[in-house]
Protein chains: 2
Amino acid sequence: MVGRAGGVGGPRRPLNQRVAEPRVIRAARTRRTDQGGGRQRSRVVRGMRLFLNSHRAKLDKKGRVSFPAEFRAALDGIDSRTFYLRPHHMYGCVEGLSQPKLDALSDRLNQLDDYSEEAENLRLTLFGDTAQITYDAEGRFSMPQNLIDFAGLGESLVFTGMGDVFQIWEEQALERRKAEARQKARDNRLTVPGTARPPA
Amino acid sequence: MVGRAGGVGGPRRPLNQRVAEPRVIRAARTRRTDQGGGRQRSRVVRGMRLFLNSHRAKLDKKGRVSFPAEFRAALDGIDSRTFYLRPHHMYGCVEGLSQPKLDALSDRLNQLDDYSEEAENLRLTLFGDTAQITYDAEGRFSMPQNLIDFAGLGESLVFTGMGDVFQIWEEQALERRKAEARQKARDNRLTVPGTARPPA
DNA sequence: CGTAATTTCCCATGATATCCCAACTTATCC
DNA sequence: GGATAAGTTGGGATATCATGGGAAATTACG
């Protein structure tokens, strides 16, 4: 995997980019949350495309970073330039969420009893360090300093699509995390739960 | 309720003055999260944005503090400069509520039996020390002395967004609280309950 | 009712964030 | 291979935010 070492050379295409494919990803659009019974973990909002692939980017002197064009296109599907960034609670990276994703989380948290300890802990963890971000006409946004510090972001960082969310990593930390994920996926033979589940 | 330390006199409004009666807000628990069209949030009034992130602020010599611009923007969605502050009954911080949130609480408390012990305890806890606050044209408000004392607020304090409410903490106390919440979230793998639930 | 204290309103300034413009690089199309 | 479009990068101007101080208005007290 080569890239912009020292600011010179290297293709600008996303990391591990494959040959050109149609940009519309139909699976996401046709998935319906009303299929099947049982628990529904998340909603897919019509028009929103998935965040896919990994994209290298740079922080400049003013703390600005270019939001990857494909991620902008994903948000374009819901006519939005706004997303949310928060320190990940499990990994040393920044988690990115779209407005619909945040709204879905917010809706579910609102089902909890006010002033329960569970609600207080979840709200603080999910909202207490979550920054609302809007990218500008050039496709850039200012990365909050506390997130730079938390994830150890340097000049080079990587946006990693995770479907309906994305993550932002320091490059080396991402490599370690990916290796761990691959190993665990192999160990567990990587089963993906279906959507229809019998009641508990 | 005593007034400003070092000063004289109590609250400006008579003790038993009633606040405006709460407006009717649909009970949150009976509304189903909308899975189809636009974003609708239970218990959240349309136009009101979430309180997010953490914002450091300072108390000045006159007891004024700048209400964070993003929180002003959140209230702007409902065309309001008014919010409510109360000592949190679970943590050593100040809780902030919007008018709609206070109204929603009031509405739910109105479902309780009048003069029941539960209602008396909840009403006193939630309303007995709640101050109505309006920020001025510069975005500042005067922090009530009893809240400064209760939360141990010094010159530096932090506004923390919790979704539909916010909290105001002394900086070190917030860090401890956040660490606790993150640990609890990790212990529970930050599972946020889904929306389709079997009856209890 | 007069005076003192407190609160609210108004104005100015410095710092920071956002917006705007231009240039460069890379990818795509013909 | 050249032209064009798209994406990225750099810098400066402008707008917004936070802060400090004082004047005016309001409230409390004797």
Side-chain angles (χ1 to χ4, degrees), chain A residues 2-15 17-23 53-76 81-83 85 131-148 155-159, chain B residues 1-15 17 53-76 81-82 85 131-148 154-159 168:
Chain A
V2 297
R4 285 290 189 104
V8 294
R12 195 182 278 148
R13 67 175 53 170
L15 304 180
Q17 182 175 2
R18 294 175 7 193
V19 294
E21 291 178 351
R23 289 190 171 261
N53 217 338
S54 293
H55 309 263
R56 188 181 283 122
K58 283 183 157 198
L59 270 176
D60 72 8
K61 294 196 198 78
K62 295 178 175 180
R64 297 176 299 189
V65 63
S66 199
F67 195 48
E70 284 178 32
F71 286 12
R72 299 205 295 270
L75 292 182
D76 234 6
R81 281 189 183 174
T82 297
F83 57 93
L85 297 180
Q132 181 186 56
I133 307 287
T134 305
Y135 62 81
D136 65 14
E138 281 72 40
R140 283 180 297 191
F141 66 94
S142 288
M143 180 74 74
Q145 185 62 45
N146 66 307
L147 296 177
I148 294 173
E155 197 181 319
S156 282
L157 46 81
V158 185
F159 288 77
Chain B
M1 184 185 298
V2 297
R4 181 69 60 85
V8 294
R12 308 262 299 279
R13 162 191 301 142
L15 280 177
Q17 179 177 352
N53 218 346
S54 295
H55 310 266
R56 193 179 279 123
K58 284 184 158 197
L59 269 177
D60 70 9
K61 295 194 195 80
K62 298 175 176 179
R64 297 176 302 187
V65 64
S66 202
F67 195 48
E70 285 180 36
F71 286 13
R72 299 203 294 272
L75 292 182
D76 233 7
R81 281 188 183 174
T82 296
L85 297 180
Q132 181 185 58
I133 306 287
T134 305
Y135 63 82
D136 66 13
E138 280 72 41
R140 283 181 293 196
F141 66 94
S142 289
M143 180 74 74
Q145 186 62 43
N146 67 306
L147 296 176
I148 294 173
E155 195 181 322
S156 281
L157 47 80
V158 186
F159 289 77
I168 307 174

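As the structure is a computational prediction, the values presented were derived from the model and not from experiment. Throughout, protein chains are lettered first and strands after them, A, B, ... in sequence-line order, and every chain is numbered starting at 1.
If you measure from atom CE of B:Met143 to atom P of C:dT8, you get 14 Å, rounded to the nearest angstrom. Between B:Asn53 atom CG and D:dC17 atom C1' the separation is 16 Å, expressed in whole Å. Atom CD of B:Glu155 and atom C1' of D:dA18 are 14 Å apart (whole Å). One interatomic measurement links the two molecules: CD of A:Glu70 to C1' of D:dT8, which rounds to 15 Å at whole-angstrom precision. Atom OH of A:Tyr135 and atom P of C:dC19 are 13 Å apart (whole Å). If you measure from atom CG of B:Leu59 to atom P of D:dA18, you get 15 Å, rounded to the nearest angstrom. The interatomic distance linking A:His55 (NE2) with D:dA6 (P) rounds to 18 Å, in whole Å. A straight line from CZ of A:Phe67 to P of D:dT8 spans 11 Å, rounded to a whole angstrom.
Side-chain proximity of B:Asp60 to D:dG10, D:dG20, D:dC17: nearest is D:dG20.
Taking the ring centroids of A:Phe83 and A:Phe71, they lie at or beyond the 6.0 Å cut-off.
The CD atom of A:Gln132 sits 6.5 Å away from the CD atom of B:Glu70 when rounded to the nearest 0.5 Å. A distance of 11.0 Å separates CZ in B:Arg64 from CG in B:Leu59, rounded to the nearest 0.5 Å.
Taking 3.5 Å as the limit, the base of D:dG20 and the side chain of B:Lys58 contain no donor-acceptor pair of atoms between them.
Side-chain nitrogen and oxygen atoms of B:Lys61 include at least one within less than 4.0 Å of the OP1 or OP2 phosphate oxygen of D:dG21. For B:Arg72 and D:dA18, the shortest distance from a side-chain N or O to OP1 or OP2 is below 4.0 Å.
Nearest heavy atom pair, residue A:Ser142 against residue A:Ile133, reads O-CD1, 4.1 Å. Summarising the geometry of B:Phe67 relative to B:Phe159, their closest heavy-atom pair is CD1-CE2, 3.7 Å, with the distance given to 0.1 Å. Across all their heavy atoms, B:Arg140 and B:Ser66 have their closest contact at CG-CA, 3.7 Å.
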Next item on the list: Sugar-phosphate means primed atoms, P, OP1 and OP2; the rest is base. With that split, encode nucleotides 10-15 of chain C 5' to 3' as B, S or - using protein heavy atoms under 4.0 Å.
Entry: BB----
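Counting heavy atoms from C-beta on, the side chains of B:Asp136 and B:Phe141 never come closer than 4.5 Å. When side chains are defined from C-beta on, B:Met143 counts as touching B:Ile168, because their heavy atoms get closer than 4.5 Å.
From one end of the helix from C:dC1-D:dG30 to C:dC30-D:dG1 to the other, with five pairs defining each end axis, the axis direction shifts by 40° (rounded to 10°).
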